[in-house]
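The structure appears below as structure tokens.
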Protein chains: 2
Amino acid sequence: MPASSLEPLHQESTPSIIARKIRTAIGNGEFEPGTQLGEADLAGRLGVSRGPLREAMQRLTQEGLLISIRNRGLFVVEPTPADISDIYLTRTAVERGAALKIIELDRTGSEAGAELLAIVEKMAALGPGSDPAELSLIDLSFHEAMVRWASSKRLTRIHRTLVTETRMCLVALEQAEYSLQHRVDEHRHIAEAILAGDVPALHRALAEHMDSAIAQLLEPLADGAGTD
Amino acid sequence: MPASSLEPLHQESTPSIIARKIRTAIGNGEFEPGTQLGEADLAGRLGVSRGPLREAMQRLTQEGLLISIRNRGLFVVEPTPADISDIYLTRTAVERGAALKIIELDRTGSEAGAELLAIVEKMAALGPGSDPAELSLIDLSFHEAMVRWASSKRLTRIHRTLVTETRMCLVALEQAEYSLQHRVDEHRHIAEAILAGDVPALHRALAEHMDSAIAQLLEPLADGAGTD
DNA sequence: GGTTGTAGGATTGTTTGCATCCGACAAAAC
DNA sequence: GTTTTGTCGGATGCAAACAATCCTACAACC
């Protein structure tokens, strides 16, 4: 066996594993919004006891993916239009902070900008009418990379939750069609602003991206968005 | 009794109560950083069983207030200089997003700006050499009000955790002395920018506030801050 | 007919107990 | 004297059982 196989194994705690499994399941839309997640059922299906499962659910509840009604059970949240706006508002706040830190760390943002532009190119390489799921994957990887380059523990942790919520909304709303070209342009603007260290341009690009994303998601609902 | 007393009562869950109690205890510095929090001990002292207590600890761990070492126990985190920078970076990102939303909601930011300025005046009313704890309280209430006016569920939730972490750092570092006048000015700049709807000024004011706060906290350590 | 009271079933909330793991101390071997 | 090793105590991780609460449905009453 190679020596690499005896690195200090970090056994993940059982609640962590459970939480991750359910989180991705929700992100993939395997649990419809509004579904009740029975403890005994899930525990049996995962082969664990209710104790660790409850702790995992506790996490997901705090992350905002589930809501807990006392003596009733746990339910997958049903994002309202206000929630969708709020998710994007928060995501933009986090990503704005991340981008500013990248620029501050390295005024040219060379490495980060390069990777981000590469992702944009990969997105642009997708022809029109390509798989929407794949497009979403690349889209989110762009934002994930941006936050990662900021190397901030807290921004990264918060962003992970927000990405899951975003995926949930995308799945729930069936990912309305949206101009690929606009999308590529918006991301390119962000990447170029980081690369150039142009803070005002970054603010414009992020605001543009958030507005169009919200518009895209709220349009099919044809419902005036509340403020809360 | 007035009719307002029969709104749908939301009984808080036991883990919520426990989490809040311990959170504030940590924020108040009743548990030194690095202290081990034994489950059996705490459970006995709070009069609950280990189950609910573990769920509460799970939350606090995810919030970043505790670290869990498998089969060893739970410990209060010891914020490193890098953590302090990260906390303020994240807090600024959240508050920046909140302030921008306030401006967007109401370009004059009249109500919010008025309350914020009132808090600033209360801070200014404190003479030099006043109780540092009281000053901190007003300081944090300013930031808390700013996020509250944005009426964003997610920003509010994230901010609550960050405020706790901030308080922990302040307690741990004994709240170094800092010019009251500078502090008042910084907050006033933020409030005035919101009141005027002046976005560039807001960015400047927030950056200024973050930088001086970090400088204030890191100075006594006389240690070059890492980037992670 | 509509409302109220009451069992039934099911689910969550909590407690208790056992298994596992880690760190520390002491004893033995080199 | 130093190193290794065995054992002990305590803490967490997990699982199962008990208790309390809530929803649903049906029957009795106004």
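To find a chain, count down the sequence lines: A is the first, B the second, and so on, and within it residues start at 1.
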Practice task
On DNA chain C, reading 5' to 3', which nucleotide is the first and which the last to sit with an atom under 4.0 Å from a heavy atom of chain B, could you check?
Solution key: C:dT14 to C:dG23
Problem - Results of side chain to side chain donor-acceptor pair (under 3.5 Å) for A:Gln58 - residues two or more places apart only - result: B:Glu55, B:Arg59
Exercise for the section: Scan residues 60-74 of chain A for pairs that pass salt bridge (charged side-chain N to carboxylate O under 4.0 Å, His left out), counting only residues two or more places apart or in two chains. Expected result: A:Arg23-A:Glu63
Fill in the blank from the handout: Contacts of A:Thr90 meeting side chain to side chain contact (heavy atoms under 4.5 Å, CB included) (sequence neighbours excluded), chain-then-number -> A:Asp86, A:Leu162, B:Ser152, B:Arg154, B:Leu155, B:Ile158
Completion exercise
Exactly one candidate in A:Val77, A:Asp83, A:Ile84 meets side chain to side chain contact (heavy atoms under 4.5 Å, CB included) with A:Thr80; the answer is A:Asp83
Handout entry: Residue list, side chain to side chain donor-acceptor pair (under 3.5 Å) with A:Arg20, at least two apart or on another chain
Key = A:Glu12
Handout entry: With sequence neighbours excluded, residues passing side chain to side chain contact (heavy atoms under 4.5 Å, CB included) with B:Lys122
Key = B:Ile138
Exercise for the section: Within residues 40-53 of chain B, find the residues that approach DNA chain D with a heavy atom at under 4.0 Å, and present them sorted by residue number. Expected result: B:Ala40, B:Arg50
Problem - ring pair (Phe, Tyr, Trp, His ring centres under 6.0 Å) partners for A:Phe142, two or more places apart - result: A:His187
Exercise for the section: Could you pull out all residues at least two apart from A:Asp41 that satisfy side chain to side chain donor-acceptor pair (under 3.5 Å)? Expected result: A:Arg45
Exercise for the section: List for me each residue that meets side chain to side chain contact (heavy atoms under 4.5 Å, CB included) alongside B:Arg160, sequence neighbours excluded, and say none if there are none. Expected result: B:Arg157
Exercise for the section: Go through the structure and list residues passing side chain to side chain donor-acceptor pair (under 3.5 Å) with B:Arg96, not counting sequence neighbours. Expected result: none
Exercise for the section: For B:Thr14, answer base if it contacts any base atom (sugar-phosphate contacts may also be present), sugar-phosphate if it contacts only those atoms, and nothing otherwise; contact means non-hydrogen atoms under 4.0 Å. Expected result: sugar-phosphate
Exercise for the section: Taking only heavy atoms on the protein side, list every residue of residues 54-74 of chain A lying under 4.0 Å from any atom of DNA chain D, sorted numerically. Expected result: A:Asn71, A:Arg72
